[in-house]
Amino acid sequence: MPVVPLTSLYAGLLAGLYLALAFTVIRGRNQLGISLGSGGDERFERTIRAHGNFAEYVPFALLLMALAELNGAPSAAIHAIGTLLICGRVAHGWCFVFTTRNLK
């Protein structure tokens, strides 16, 4: 059975970030008393989108990493991709959750 230890490492680290974003949304829902949607709260909408964007893009990126690893990509390349993915997702989540300005 094929094994992808490096991709698994980054998947585990990213799962922690996903949980942090999920708890941020849950906390926001509890504080604002909103069960569905954003309730028109623009800042909370950004928090929801940070979580949703992560859920939309990270699984595909991990799948591509796993395919690269299975096809013999150098370990350094997998580590570089994984590190960039984590840094990008942290920066994206931070920007969406802790800032109020959209980039235009």
Side-chain angles (χ1 to χ4, degrees):
M1 177 151 193
V3 186
V4 286
L6 299 179
T7 301
S8 298
L9 167 68
Y10 290 102
L13 295 171
L14 288 160
L17 181 55
Y18 181 80
L19 288 173
L21 290 168
F23 287 133
T24 302
V25 172
I26 292 167
R27 185 180 65 228
R29 290 198 181 285
N30 286 333
Q31 288 175 346
L32 298 170
I34 299 170
S35 62
L36 293 173
S38 65
D41 186 300
E42 201 170 306
R43 186 170 180 123
F44 186 52
E45 177 67 28
R46 294 171 59 83
T47 301
I48 292 169
R49 285 311 314 141
H51 177 256
N53 186 275
F54 187 103
E56 292 163 0
Y57 289 99
V58 170
F60 185 64
L62 287 170
L63 174 64
L64 293 176
M65 282 178 63
L67 289 172
E69 189 172 359
L70 285 170
N71 282 289
S75 296
I78 301 299
H79 281 298
I81 293 166
T83 300
L84 288 171
L85 181 60
I86 288 174
C87 290
R89 292 287 89 196
V90 167
H92 183 270
W94 183 271
C95 179
F96 267 63
V97 174
F98 295 110
T99 65
T100 57
R101 188 174 84 95
N102 287 328
L103 299 176
K104 293 183 181 182

Any heavy-atom pair between the side chains of Ser38 and Arg46 that's under 4.5 Å? no

Residues clustered with Phe23, ILVMFWY side-chain links under 4.5 angstrom: Leu19, Ile26

Any chain of hydrophobic side-chain contacts (each under 4.5 Å) joining Leu32 to Ile48? yes

Among Ile, Leu, Val, Met, Phe, Trp and Tyr joined by side-chain contacts under 4.5 Å, find the other residues sharing a cluster with Leu62 and list them by chain and number. Leu6, Leu9, Tyr10, Leu13, Leu14, Leu17, Tyr18, Leu21, Phe54, Val58, Met65, Ile78, Ile81, Leu85, Ile86, Val90, Trp94, Val97, Phe98

Which residues satisfy the side chain to side chain donor-acceptor pair (under 3.5 Å) test with Glu56, sequence neighbours excluded? Arg49

Smallest heavy-atom separation, Ala50 atom then Gly93 atom, equals CB-CA, 4.3 Å

Transitively linked via ILVMFWY side-chain contacts under 4.5 Å: Leu70 with Leu63? no

Rounded to the nearest 0.5 Å, what separates atom CZ in Arg29 from atom OG1 in Thr24? 12.5 Å

